[in-house]
Each structure stands twice: as C-alpha cells, then as structure tokens.
Protein chains: 2
Amino acid sequence: MSSAPGKTDQATLAEIKSGTVTMETVGRIAGVSQVTVSRALNDPKKVSAKTLQRIQDAIELTGYVPNMVAGALASRRSKLIAALVPSITNVIYSDLMQNFINVIRGSGYHVLMAETGFSQDEEQAVVSTMLSRRPDGILLTGIHHSSGCKKMLLGAGIPVIEVWDITENPLDVCIGFSHIRAGEEMARYAAGKGYDKALIVSAGDERALRRKNAFANQFTQLTGNAPIEVLYEAGATIERGRNGLRSGLEKGFQSGIIMCSSDLLAHGILIEAQARGIKIPEDMAVLGFGNQDFSPFTLPALTTVEINRPDLGRRAAEALVARIENQPLPDKSIDVGFELIERAST
Amino acid sequence: MSSAPGKTDQATLAEIKSGTVTMETVGRIAGVSQVTVSRALNDPKKVSAKTLQRIQDAIELTGYVPNMVAGALASRRSKLIAALVPSITNVIYSDLMQNFINVIRGSGYHVLMAETGFSQDEEQAVVSTMLSRRPDGILLTGIHHSSGCKKMLLGAGIPVIEVWDITENPLDVCIGFSHIRAGEEMARYAAGKGYDKALIVSAGDERALRRKNAFANQFTQLTGNAPIEVLYEAGATIERGRNGLRSGLEKGFQSGIIMCSSDLLAHGILIEAQARGIKIPEDMAVLGFGNQDFSPFTLPALTTVEINRPDLGRRAAEALVARIENQPLPDKSIDVGFELIERAST
DNA sequence: TTGTATGCGTTATCAT
DNA sequence: ATGATAACGCATACAA
C-alpha cells in the first residue's frame, strides 16, 4: 500500500525536502504514472477530472515546478527566443523590446536578450553562443549581418525576424521602415519649409548614416547646398547634441535647419542653443528623429519623425510566433512606415 | 572501415544535411567516441593533441553547434541567469543590466531577462515561470518580495542577488544602498544650503517613496517646515516633471528647493521653470536623483545623487557568479553607497 | 588518453 | 483514459 494514491512515503518526502520533485514524484503521490502527469499539464482534456484533481493536489503539496530544460530536450522545442539589439540602454531599442517581450511571454516563450553593440562581428559571436540554447526563433536588429552569421542562422533552420529596417530580401521575415525614405522625407520637409542651409548632427551607426546620406543627397538636390556634417562614432546623447551644435557653429553653420539622427541629439542642441541665446526656430530650426517620450515637452517642442515602436515590437513578436508555429504569414517584408510630426522647433 | 577516422559515410552526411549534428556525429567522423568529443570541448587538456585536432576538423566540417539544453539536463547546471527588473526602458535599470549582462556573459552564462513592473504579484508570476528554466542564479530588483515568491526561491535552492536596495537580512546576497539614508542626506544638504521650504515631486514606486519619506521627515525636523508633495503613480518622465512643477505651484509652492525622485523629473522641472520664466537656482532650486548621463548638461546643470550603476551591475554579476560557483563571499550585504553631486541647480 | 554505461526529466509513440 | 517504453544530446562515474 506504500504507493497508494494520497500516500506520501519516505522516498517521496526526501524528494520534496531535497527539492528534486519531478513528474514522477507527483505521479507517485497522485497514484498515476509520470506520463499522466505530463498530460495533465500539457493537455488536461485528455485526463479524467478525478485524476486531474489528484494531480493538482499533489503538485500543490510538493511545490512541483516543471523542468522546461528536460521538456525542451525531449520535444526539441525550447520555447526560447533569442533577441539581439545594438544597445539595451538606448530607449529606441528597449522600448521596442519591452513590447516584444510582453507579447512573446503571452505565448509562453522566454527571451534571451543580448547586446551586439553595432558591430557585425559581435553579433556573430553572440548568435553563435545563443544558438547553443536551441532557440525556437531569433530577433535581429537591422538587415546587415556577416556572412558567417547568416550561414549559422540558415544552418539552425529557425525563423528569424529582422527589425528596425526593411529589405526586399530578408533572411526570413523583416519588419521596419526605409531609412533612406525617412532621410529623404526629412530633406523634402526641410526644403519645403524654406530652409536652404543645413547642418547634420549624426551618430555613426550604419542606419543613422543611411538616413544622413539620404537627407544630404536630397537636400542638396533641392536647394543646391550641401549640408555641413558633424558625425560621432558613438551613440546619441544630450551631451553630444550640445557639442554637435558647437562644432557645427565652428564649421561655419549660421542659419537654417539642423537635422539630427536622434531626438536625444536634438534635445542637446536645443539646450546648447538656449545657453548661447540662439533662438529656435527663429535663428535656426531643429529636426529630430525617433519621437521619444520627452520630445513633445522640450522647449520648443521637437519636430521629429515617429516610428511606432510599441506597435513594431508587438508585430515583430506576433510575426515570429506565427512563423514558429507554422501559421501563414501574409508578407515576408512588412513596412510599418514613419510619420513626420511637426512641432515648434521648425 | 566505414567508421574509420576521417571518413564521412551516408548516415553522417544525412545528419549534416538535416542539421542534426551531435557530438556523436562529430566523434564518428573524428574516429572517437562521443565522450571524447565532450571532453575536447569542456576540458581539452584531457585529450591528446592529435585527436583534438581531428575533432576540431570534424566540428568545422559539420558545423556542429553544442546543445546546451542537453548539457544543462545532464549536468544539472543550466548556465542561465534570470534577471528581473521593474522596467527595461528605465535607464536606471537598463544601465545596471548592461554591465551585469556583460560580466555574466564573460563567465559563460546567458541571461533571461524579464520585467516585473513594480508589482510584487507580477514578480512572483515571473519568478514562477523563470524557475522552470532551472536558472543557476537569479537577480531581483529590490528587497521586498511576496511571501510566495520567497518560498519559491528558497525551494529552488539557487543563489539570489537583490540589487538597488540594501537590508541586513537579504534572501541570500544583496548589493545596493540605503534609500532612507539617501533621502536624509538630500534633506540635510537642502537645509544646509539654507532652503527652508521644499516641494517634493516623486514617482510612486516603493523605493522612491522611501526616499521621499526620509527626506520629508528629516527636512521637517531640520527646518520646521513640512514639504509640499506631488506624487505620481507611474514612473518618472520629463512630462511628469513639467506637470509636477505646475502642480506644485498650484499647491502653493513659491520658493525653496524641489526634491525629485529622478533626474528625469528634475529635468522636466527645469524645462517648465524656463517656460515660466522661473530662474533656477535663484527663484527655486532643483535636486535630482540618479545622475543620468544628461544631468551635467542641463541648464542649469543638475545637482543630484549619484549611484555608480555600472559598478553595481558588475559587482552584482561577480557576486552572483561567485555564489553559484561556491567561491567565498566576504559579505552578504554590500553597500555601494551614493554621492551627492553639487552642480548649478542648487 | 580513451571508452562504456548510465541517468538527467521530459515528450512522443505505441499499446492497452 | 492511462501506461510502458524509447528517445532527446549530453555529462558523469567508472573502467581499461
């Protein structure tokens, strides 16, 4: 009678105390086999109400916690998603990830997050170690990856979603917007408002540079004047924005519009302008990018380009889960677009 | 001779093509057993130079990627760390996590990151699903957790590190600073500078409120005047900073010092003050918290309290890894302190 | 230095 | 509705 339902024998007690409770333990207490416990958790309909109740009681009693490591090995589905972003301290990306993660969690997946620091080599290194976790899917930022990285991803045979950029030929699925079109749109707006001189203050990452070049080309074409440029290797900060205006003035910029690769830089420029008694937008205009949460509340409020990041994160998660679960996906390349929001700084 | 070293037979080719390469496959090609491949990867010293080379060639040939899921199950060490923060979009925490993750990665661990949103219930729910991944250690933000959460953690029997706060009785190890002492120090500073009226603009999370209360008590004690308070349920933003000053003025605040629970709120107050023609620090002073990257570059530069977040993240990672690997830890409770940095806003 | 046997805690495939 | 059995891919103990 030692293994009768409801009984808790010596061995069972030892397992509970040592924290080594498994489905086997739960089953022994509930008077069923380990397999039935597995079914009770994964597909309760297949188990009778009576035994289901007994199993639930046993789980309660033992404090059983499922072991997804074992589950992943057996099912060959890890329920893990790897997510690679250039920087987790940059709100542009963490904002996106916040929504991505929340949707992903709702579908029962966990997220392994890592930084790639704007470098393809680092991305490849990170992808390499991530794949050893056998993720069911992976999110990458951007559409440019090393060939070694692509090869590994193809070899892994898992869905890949590339975000924050767009291309006709994604590795698998991409969702984002055209940085070139965004840059061009900013130039058209600037020229359309009558500004015929421009200063560009930009961070040095590849996507920012693509926007910058598109802006410069379009602006030059429309006005006949090539913008002055101030570039930073590193990421955008308010400090670099302040320095950027200083450098721009030293390089001879006197009036017109200042195109920034980020609202953070733009905010820094507003501050530096204020410190110097330069009036925005009377003396010069400022155009940001990203529409961060503070951008409507600067002095003056910032004209900028909005990307709906929460929506982007959500849709990326939904698309990735759909791909993993073999649901049909209408499109391999999803353009979420952007919107130029005019405020007082221009 | 079909399994002679260097040979690649039919079955092996099939495995390579189907992406189901294991140590077994590699070993077959290299002419050794699966165990030797395992050793070659985990402890190369134990394998002769010759076979090591053959194994490396076979790995190269097959594109073998280790399966840490299987490794975790067999060794009962997942090499996974769960990290729970209130918000990943808040730079205060993402800054900390950035350094935490980098150190953790260097030790061969991966990080499962999740948000808990300032709620103990959500924290418990997240902990629950995280534990099913059998992490080797876990990082929590703060020292207050639901009893269910504590029970689960104890039951899991893994090292826990609590950051961004401090207590004499951590669950396991904690590293952070005293929010009460920080609030008191801010009050002493304010009173010492001669301010005898105060407005508090604070976010509503538990730690911010502890600083607020400590400040209010100490300030009242020193000056005889209780501060006016403006509280927000949600997190700190520049927008709420601007609204906070507005509300403070409506509540009758006219002059003195404004104590903020975050530099973001303080920045918003500087902006609103500028919009209203209020001179900082002549008409009223502003005191922030956090020393964010922009804080030296606001107008005027922000007086604030600095916590060395990168250092905190690094030390948290080091302490957690030490605990996991059973290395001695000098202290269960590590106070990293804080520093009041005086700038132009006071 | 290398190999054999075994088990990690599940899921999947058959039976019953 | 439930159970027996065999993977899953690796690490560990023990042998040789």
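Below, chains carry the letters A, B, ... as their sequence lines are ordered, and counting in each starts from 1. Keep in mind that the numbers below use all heavy atoms, side chains included, and drop hydrogens, waters and symmetry copies.
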Student: Side-chain N or O of A:S48 versus OP1/OP2 of D:dA1: is the shortest distance under 4.0 Å?
Tutor: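 No, A:S48 has no side-chain N/O under 4.0 Å of OP1/OP2 on D:dA1.
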Student: Find the distance A:Q53:CD to D:dT2:C1' and express it as a whole number of Å.
Tutor: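 That distance rounds to 18 Å.
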Student: Does D:dG3 have its OP1 or OP2 closer than 4.0 Å to a side-chain nitrogen or oxygen of A:S33?
Tutor: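 A:S33 to D:dG3 OP1/OP2: side-chain N or O found under 4.0 Å.
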Student: Please check if atom CD in B:Q327 has more than 12 non-hydrogen atoms from other residues, nucleotides or ligands closer than 6.0 Å.
Tutor: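 Counting neighbours around CD of B:Q327, more than 12 heavy atoms of other residues, nucleotides or ligands fall under 6.0 Å, so yes.
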Student: In whole Å, what is the span from the CG atom of B:L73 to the P atom of D:dC10?
Tutor: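 My rounded result for the distance is 12 Å.
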Student: Taking CZ from A:R28 and C1' from D:dG3, how many angstroms apart are they, rounded to a whole number?
Tutor: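 Distance, rounded to whole Å: 16 Å.
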Student: Specify the separation, in whole Å, of atom NZ of A:K79 and atom C1' of C:dT11.
Tutor: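 These atoms are roughly 14 Å apart.
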Student: Tell me: CZ of A:R133 to P of D:dG9, nearest whole Å?
Tutor: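 So the CZ-P distance, A:R133 to D:dG9, works out to 17 Å.
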Student: Any salt bridge linking A:E24 with A:R28? Criterion: basic side-chain nitrogen under 4.0 Å from a carboxylate oxygen.
Tutor: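 Salt bridge between A:E24 and A:R28, a charged N being under 4.0 Å from a carboxylate O: yes.
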Student: Does a distance-only test, which skips hydrogens and angles, find a donor-acceptor pair under 3.5 Å between the side chain of B:R76 and the base of C:dG7?
Tutor: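 Under the 3.5 Å cut-off, the side chain and the base do not form any donor-acceptor pair.
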Student: Just compare D:dC10, D:dT2, C:dA12 and give me whichever is closest to any side-chain atom of A:R39.
Tutor: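 For A:R39, the side-chain atoms sit closest to D:dT2.
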Student: For the base of D:dG9, is there a side-chain donor-acceptor partner from A:R134 under 3.5 Å away?
Tutor: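 No.
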Student: Taking the minimum atom-to-atom distance to the side chain of B:T51, which one of C:dG9, C:dT2, D:dA11 wins?
Tutor: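 Ranking C:dG9, C:dT2, D:dA11 by closest atom to the B:T51 side chain puts C:dT2 first.
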Student: Please classify the nucleic acid contact of B:V47 as base, sugar-phosphate, or nothing, using heavy-atom distances under 4.0 Å.
Tutor: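 B:V47: backbone/sugar contact only, no base atoms under 4.0 Å.
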Student: Grab the CG-P distance between A:D43 and C:dT10 for me, whole Å please.
Tutor: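 The distance from CG of A:D43 to P of C:dT10 comes to 17 Å, rounded to the nearest Å.
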Student: Which nucleotide sits closest to the side chain of B:A70: D:dT2, C:dT11, D:dG9?
Tutor: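 Closest nucleotide among those given: D:dG9.
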Student: Do A:L61 and A:I29 have side chains that get closer than 4.5 Å, going by heavy atoms?
Tutor: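 Counting from C-beta outward, A:L61 and A:I29 do come under 4.5 Å.
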Student: Contact class for B:V69 (heavy atom, under 4.0 Å): base, sugar-phosphate, or nothing?
Tutor: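 It contacts nothing in the nucleic acid.
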Student: Output yes when at least one side-chain N/O atom of A:S38 is less than 4.0 Å from OP1 or OP2 of C:dT10, else no.
Tutor: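 Answer is no, no contact under 4.0 Å.
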Student: Using 4.0 Å as the upper bound for N to carboxylate O, is an ion pair formed by B:R77 and B:D136?
Tutor: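 No salt bridge links B:D136 with B:R77.
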Student: Only one of A:V160, A:L329, A:I138 passes side-chain contact (heavy atoms from CB on, under 4.5 Å) with A:D172; say which it is.
Tutor: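 Option passing the side-chain contact (heavy atoms from CB on, under 4.5 Å) with A:D172: A:V160.
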Student: Among side-chain atoms of B:H110 and A:R133, is any donor-acceptor pair under 3.5 angstrom?
Tutor: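 There is such a pair between these side chains.
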Student: Would you classify A:R77 as touching base, sugar-phosphate or nothing, given that sugar-phosphate means primed atoms plus P, OP1 and OP2, and contacts are heavy atoms under 4.0 Å?
Tutor: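 Touches sugar-phosphate only.
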Student: For the pair made of CD in A:E24 and P in C:dT11, what is the distance, rounded to whole Å?
Tutor: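 One finds 14 Å between P of C:dT11 and CD of A:E24, rounded.
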Student: For a quick check of understanding: with a heavy-atom distance under 4.0 Å over all strands, which category does B:Q34 fall into, base, sugar-phosphate or nothing?
Tutor: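 If one applies the 4.0 Å heavy-atom cut-off, B:Q34 turns out to touch a base.
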Student: Output the single nucleotide from C:dA12, D:dG3, D:dC8 whose closest atom is nearest the side chain of A:V32.
Tutor: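 Among C:dA12, D:dG3, D:dC8, the one nearest the side chain of A:V32 is D:dG3.
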Student: Choose from C:dT11, C:dA5, D:dG9 the nucleotide whose nearest atom is closest to any side-chain atom of B:V35.
Tutor: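 So the side chain of B:V35 is nearest to C:dA5.
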Student: Send over the distance from B:M68 CE to D:dG9 P, rounded to a whole Å.
Tutor: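 Going from B:M68 (CE) to D:dG9 (P), I get 16 Å.
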Student: Just N and O in the side chain of B:N42: are any of them under 4.0 Å from OP1 or OP2 of D:dA11?
Tutor: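 For B:N42, the contact criterion (side-chain N or O under 4.0 Å from OP1 or OP2 of D:dA11) is met.
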